[in-house]
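These figures come from a predicted structure and were not determined experimentally. Note that these values count all heavy atoms, side chains included, but never hydrogens, waters or copies made by symmetry.
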Amino acid sequence: MKYKTIKGVQDILPPETFLWQEVEQTAKEIFSLYGFKEIRTPILEFTELFVRSIGETTDIVEKEMYTFQDRAGRSITLRPEGTASVVRAYIQHGLSQLPAPQKFYYIGPMFRYERPQKGRYRQFHQIGVEVFGVDSPDVDAELIDMIRAFLQRIGLDSLSIEINSIGCEQCRPFYRERLIEFLSSGVDTLCNDCQRRYQKNPLRVLDCKVPTCKEFIKDAPRITDFLCDGCKEHFQKFQQRLKALEIQYSINPEMVRGLDYYTRTTFEITSNALGAQNAVAAGGRYDRLVESFGGPPTPAVGFAIGMERLIVLLSELKPPRDKGPMVYFVTLGEEASEFAFKELSHIRSAGFSAEMDFRRSSLKSQMRRADKAGARLVFIVGEDELSKGIVKYRDLREHTEGEIDKQGVLDFLKNFNF
RNA sequence: GUGAGUGUAGCUCAAUGGUUAGAGCACUGGACUGUGGCUCCAGGGGUUGUGGGUUCGAGUCCCAUCACUCACCCCA
């Protein structure tokens, strides 16, 4: 085969596209109930935007971005995530001047040059949400509530919700020192990856999977014990709200987010049916990012849903099915074919999905194709029928049949109980 | 970037180193000359991922390479 998709990207074919449409439509409906409006930002941005927001030393920036020079020599990057672009747009268009909170959602492809595996692709799709201008933990809880509502609506309840607070620029550095202190007592017992993490991002040692490391960090200091008064209160209020909504969650003080810009609240929605990449949705608060981009100090919080992962769960639950046309015309002879061709257009205009068999073949094989296509109703038109001024119909589901006046096709459909 | 596994028809898979690489499903047609599903019959569809090597002979063994899958790393 000469041409195929490049590594880590994929075609999405029907009937799976039905599932994608359902997910997107449900997200739009639920999110708008919560006051969110769609924002569409470009897939291309200046590289600098992502380097500054995600963090220079993160893996995403260091080795996973699709970056290239445009024809004028500027460094351009295919977005690896959505938040940076939305923040840029928020500042660029002066949206901070509008009444807070400003609430946005977006749906679209993201790109990261990673080795593909289950639930991880080089082009993947996210539904993301951002709220600007309110620092209250009520918003954080509202977001969790919205995710829950969304997942419930598409039929995925019983996913686990994990939350954490990673503090702010006041308390986190202090905790970081304590943690480094603790780790230094046993660096040489840690795995190779953790030796590296110890140097680069000590917090990451916390969610190492190696048993010996797990054993060692069991006694490590916990971020939640080192939060400053402000962060502590924020985290408690957040939980109070979750309880008020009767949302089941667990605190995971070892949950570390990969992007540098997070502050205070972080959370993940995971499923144990997904393999190693088990996060369906994840997000958190980023109170300093807008300011660091040159905007006014603006607290913000958001999350992203991984669509491919969602689809995996969903298609196990209810395998996607093609929906056939309501009506299928089977014809014999040129005159009948022309009659059907015109009817086809009329009834489609009236809102009925309809097909006809353009191939000149036996009645039997046309019937067979009508069945394969999943049609509900077949109209049979031949010379006999036309000369009598009628068409025959057959209901493929109820196995009933009859005749109707050939002028009355549309009326028949309008009264038909599909 | 690291490791392991797998590459044969559109899909899922067979084929001890030995004839012309098969089956099920799917597709097309027929049995039923104007009636779907069930059944039966027939047909189309393959550079066995690619390139080397070993051998009288390779889908099968060896090497390389590419792709896919899963895991690590990291993350939605």
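By the salt bridge (charged side-chain N to carboxylate O under 4.0 Å, His left out) test, A/Lys218 is found to be paired with A/Glu215, residues two or more places apart in sequence or in another chain being considered.
In this structure a side-chain-to-backbone donor-acceptor pair under 3.5 Å is missing from A/Asp405 to A/Ile390. Of the possible polar contacts, none joining the A/Glu316 side chain to the A/Leu313 backbone as a donor-acceptor pair under 3.5 Å is found.
B/U47 and B/A64 are spaced 26 Å apart, taking the P atom of each and rounding to whole Å. Remark: the separation of the C1' atoms in B/U2 and B/C74 is 13 Å, to the nearest Å. Taking atom P in both B/U12 and B/G49, one finds a spacing of 14 Å when rounded to whole Å. Taking the P atom of each, B/U16 and B/A21 are spaced 15 Å apart, rounded to whole Å. Using atom P as the reference point in both B/G3 and B/C63, the two lie 16 Å apart (nearest Å). Comparing the same atom, P, in B/G45 and in B/U54 gives a spacing of 35 Å after rounding to whole Å.
Using a 4.0 Å heavy-atom criterion, one finds that A/Arg369 contacts the sugar-phosphate atoms exclusively. Residue A/Tyr393 is out of contact with every strand shown, counting any heavy-atom pair closer than 4.0 Å. When heavy atoms are screened at a 4.0 angstrom cut-off, A/Ser362 is found touching the sugar-phosphate backbone but no base atom. Within 4.0 Å (heavy atoms only), A/Lys364 reaches at least one base atom of the nucleic acid. No engagement by A/Glu62 is indicated, since no non-hydrogen atom pair under 4.0 Å with the nucleic acid exists. The residue A/Glu268 sits apart from the nucleic acid: no heavy atom pair falls under 4.0 Å. Here A/Ala370 lies out of heavy-atom contact (under 4.0 Å) with every strand.
For the pair A/Arg264 and A/Phe235, the cation-pi test (distance below 6.0 Å, angle within 45°) is failed.
Considering only side-chain N and O atoms, A/Gln126 lies nowhere under 4.0 angstrom from the phosphate OP1 or OP2 of B/A76. The phosphate of B/C72 has OP1 or OP2 within less than 4.0 Å of a side-chain N or O from A/Lys209. OP1 or OP2 of B/C27 has at least one side-chain nitrogen or oxygen of A/Lys372 nearer than 4.0 Å. Within the 4.0 Å cut-off from OP1 or OP2 of B/G36, not a single side-chain nitrogen or oxygen of A/Gln366 is found. Within the structure, every side-chain polar atom (N or O) of A/Lys118 is placed at least 4.0 Å from both OP1 and OP2 of B/A71.
The base of B/U35 sits with one of its N or O atoms less than 3.5 Å from a complementary donor or acceptor on the side chain of A/Lys392. The base of B/U35 is not paired with the side chain of A/Arg368 by any donor and acceptor separated by under 3.5 Å. Donor-acceptor pairing under 3.5 Å, judged by distance alone, is present between the side chain of A/Arg120 and the base of B/C74.
Here the nucleotide nearest the side chain of A/Met367, chosen from B/C74, B/C73, B/U35, is B/U35. The side chain of A/Glu385 sits closest to B/G34 out of B/G34, B/U35, B/U28. Comparing B/G1, B/C74, B/G30 against the side chain of A/Ser365 picks out B/G30 as the nearest. The side chain of A/Arg112 lies closest to B/A76 when the candidates are B/U28, B/A76, B/C74. Across B/G36, B/C68, B/A76, the shortest atom-to-atom separation from the side chain of A/Phe124 is found for B/A76. Out of B/G34, B/U35, B/A76, the shortest distance to the side chain of A/Arg309 is found at B/A76. For A/Arg196, the side-chain atoms get nearest to B/C73 when compared with the rest of B/G34, B/A71, B/C73. In the set B/A67, B/C73, B/U35, B/A67 carries the atom at the smallest distance from any side-chain atom of A/Lys4.
Using a 4.0 Å cut-off on heavy atoms, the residues of residues 270-281 of chain A that approach RNA chain B are A/Gly275, A/Ala276, A/Gln277, A/Ala279, A/Val280, A/Ala281, listed by number.
Atom CD1 of A/Ile223 is separated from atom CZ of A/Arg176 by 11.0 Å, given to the nearest 0.5 angstrom. Interatomic distance, A/Ile217 CD1 to A/Leu206 CG, rounded to the nearest 0.5 Å: 5.5 Å.
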Starting from the C-alpha separation in whole Å, work towards a yes-or-no answer on side chain to side chain donor-acceptor pair (under 3.5 Å) for A/Gln195 and A/Gln199.
CA-CA 7 Å; A/Gln195 307 266 350; A/Gln199 295 298 329; over 6 Å; no

Could you go through A/Leu413 and A/Met326, starting from their C-alpha distance and side-chain angles, then the distance that decides it, and tell me whether this counts as side-chain contact (heavy atoms from CB on, under 4.5 Å)?
CA-CA 9 Å; A/Leu413 290 176; A/Met326 294 160 150; over 6 Å; no

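The base-pairing partner of B/G22, taking Watson-Crick or G-U wobble contacts with both distances under 3.5 Å, is B/C13. Pair check for B/U50 finds B/A64; Watson-Crick or G-U wobble, both atom distances under 3.5 Å.
Across the interface with RNA chain B, nearest-nucleotide mapping of A/Thr5 and A/Arg397 shows A/Arg397 to be the residue nearer the 5′ end. The 5' end of RNA chain B is approached more closely, in terms of each residue's nearest nucleotide, by A/His399 than by the other of A/His399 and A/Ile6.
Look at CZ on A/Arg359: it is 11 Å from C1' on B/G29, rounded to the nearest Å.
The aromatic rings of A/Phe226 and A/Phe174 are tilted relative to each other, their planes meeting at an angle between 30° and 60°.
Ion pairing between A/Lys200 and A/Asp59 holds under the 4.0 Å rule for side-chain N and carboxylate O.
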